[in-house]
Engineer: 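Structure provided below as C-alpha coordinates; questions to follow.
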Amino acid sequence: MSKNRRVGPGAPVQPVTFRAGCGREWSLPSAEADLAYTEQAFPECPTCEHRVEPDGAPPFCTLRPVGTAHPFAALAGLDLPE
(Lines give C-alpha, C1' and ligand atoms only; values in the text may rest on other atoms or scores of the structure.)
Protein backbone atom coordinates (compact mmCIF):
# COMPACT_ATOMS: atom_id res chain seq x y z
CA MET A 1 0.00 0.00 0.00
CA SER A 2 1.32 3.44 -0.93
CA LYS A 3 1.89 6.00 1.80
CA ASN A 4 1.06 8.85 -0.61
CA ARG A 5 -2.40 10.32 -0.26
CA ARG A 6 -4.24 10.58 -3.57
CA VAL A 7 -6.01 13.69 -4.84
CA GLY A 8 -8.28 13.19 -7.80
CA PRO A 9 -8.38 9.99 -9.78
CA GLY A 10 -5.07 8.18 -9.25
CA ALA A 11 -2.94 11.28 -8.68
CA PRO A 12 -0.17 10.62 -6.12
CA VAL A 13 0.71 13.48 -3.80
CA GLN A 14 4.42 14.23 -3.62
CA PRO A 15 6.21 14.98 -0.34
CA VAL A 16 6.38 18.69 0.52
CA THR A 17 8.74 20.26 3.06
CA PHE A 18 6.81 22.50 5.45
CA ARG A 19 8.50 25.07 7.72
CA ALA A 20 7.23 26.48 11.02
CA GLY A 21 7.90 30.03 12.21
CA CYS A 22 10.72 28.73 14.40
CA GLY A 23 12.47 27.27 11.34
CA ARG A 24 11.75 23.61 12.07
CA GLU A 25 10.86 21.59 9.00
CA TRP A 26 8.73 18.51 8.30
CA SER A 27 8.54 16.67 4.98
CA LEU A 28 5.32 14.80 4.26
CA PRO A 29 2.98 14.04 1.38
CA SER A 30 0.39 16.82 1.17
CA ALA A 31 -1.55 18.83 -1.38
CA GLU A 32 -2.45 21.49 1.22
CA ALA A 33 -1.31 25.12 0.94
CA ASP A 34 -0.43 25.15 4.65
CA LEU A 35 -0.91 23.01 7.75
CA ALA A 36 -1.60 23.69 11.42
CA TYR A 37 0.91 22.34 13.94
CA THR A 38 -1.11 21.80 17.13
CA GLU A 39 1.25 19.63 19.19
CA GLN A 40 3.25 22.64 20.51
CA ALA A 41 5.92 20.21 21.76
CA PHE A 42 8.96 22.49 21.71
CA PRO A 43 10.00 24.62 24.72
CA GLU A 44 9.64 27.91 22.85
CA CYS A 45 6.14 27.15 21.49
CA PRO A 46 4.24 28.97 24.29
CA THR A 47 6.14 32.21 23.59
CA CYS A 48 6.65 31.87 19.81
CA GLU A 49 5.50 34.95 17.85
CA HIS A 50 4.04 32.64 15.17
CA ARG A 51 1.68 30.93 17.62
CA VAL A 52 -2.03 31.49 16.94
CA GLU A 53 -4.50 31.25 19.83
CA PRO A 54 -8.06 31.15 18.42
CA ASP A 55 -11.09 31.43 20.70
CA GLY A 56 -12.52 28.01 21.51
CA ALA A 57 -9.78 26.02 19.77
CA PRO A 58 -6.28 24.80 20.68
CA PRO A 59 -3.31 27.03 19.84
CA PHE A 60 -1.39 26.21 16.67
CA CYS A 61 1.49 27.25 14.44
CA THR A 62 1.01 27.55 10.70
CA LEU A 63 3.36 25.40 8.64
CA ARG A 64 3.96 26.72 5.12
CA PRO A 65 5.76 25.00 2.26
CA VAL A 66 9.43 26.04 2.10
CA GLY A 67 9.87 28.82 -0.46
CA THR A 68 6.26 29.98 -0.27
CA ALA A 69 5.70 33.66 0.39
CA HIS A 70 3.79 34.72 3.49
CA PRO A 71 0.07 35.06 2.63
CA PHE A 72 0.20 38.81 3.31
CA ALA A 73 3.51 39.44 1.47
CA ALA A 74 1.69 41.12 -1.42
CA LEU A 75 0.39 43.77 0.98
CA ALA A 76 3.94 44.98 1.71
CA GLY A 77 4.10 46.84 -1.62
CA LEU A 78 0.59 48.27 -1.38
CA ASP A 79 0.49 52.08 -1.71
CA LEU A 80 -2.79 53.30 -0.21
CA PRO A 81 -3.85 56.92 -0.69
CA GLU A 82 -4.38 58.83 2.55
Engineer: Does any part of the side chain of Cys61, heavy atoms only, come nearer than 4.5 Å to the side chain of His50, both counted from C-beta?
Structural biologist: yes

Engineer: Of all residues at least two apart in sequence or in a different chain, which pass the salt bridge (Lys or Arg N to Asp or Glu O under 4.0 Å) check with Glu39?
Structural biologist: none

Engineer: Taking all non-hydrogen atoms of both residues into account, name the closest pair between Phe18 and Asp34 and its distance.
Structural biologist: CE2-CA, 4.2 Å

Engineer: Who passes side-chain contact (heavy atoms from CB on, under 4.5 Å) against Thr17, sequence neighbours left out?
Structural biologist: Glu25, Ser27, Val66

Engineer: Give the minimum heavy-atom separation between Glu53 and Pro59, together with the two atoms involved.
Structural biologist: CG-CB, 4.0 Å

Engineer: Residues two or more places apart in sequence or in another chain: which of them pass side-chain contact (heavy atoms from CB on, under 4.5 Å) with Glu49?
Structural biologist: none

Engineer: Looking only at non-hydrogen atoms, find the nearest pair between Pro46 and Pro43 and report the distance.
Structural biologist: CD-O, 3.3 Å

Engineer: Mind checking side-chain contact (heavy atoms from CB on, under 4.5 Å) for Pro58 and listing every partner two or more places apart, or none if nothing turns up?
Structural biologist: none

Engineer: Going only through I, L, V, M, F, W and Y residues with side-chain contacts under 4.5 Å, is there a path from Val16 to Leu28?
Structural biologist: yes

Engineer: Taking only residues two or more places apart in sequence or in another chain, which ones pass side-chain contact (heavy atoms from CB on, under 4.5 Å) with Arg24?
Structural biologist: Cys22, Trp26, Phe42, Glu44

Engineer: Using a side-chain heavy atom cutoff under 4.5 Å and only I, L, V, M, F, W and Y, what cluster partners does Phe60 have?
Structural biologist: Val52

Engineer: Starting at CG of Leu63, measure out to OG1 of Thr38 and round the result to the nearest 0.5 Å.
Structural biologist: 9.5 Å

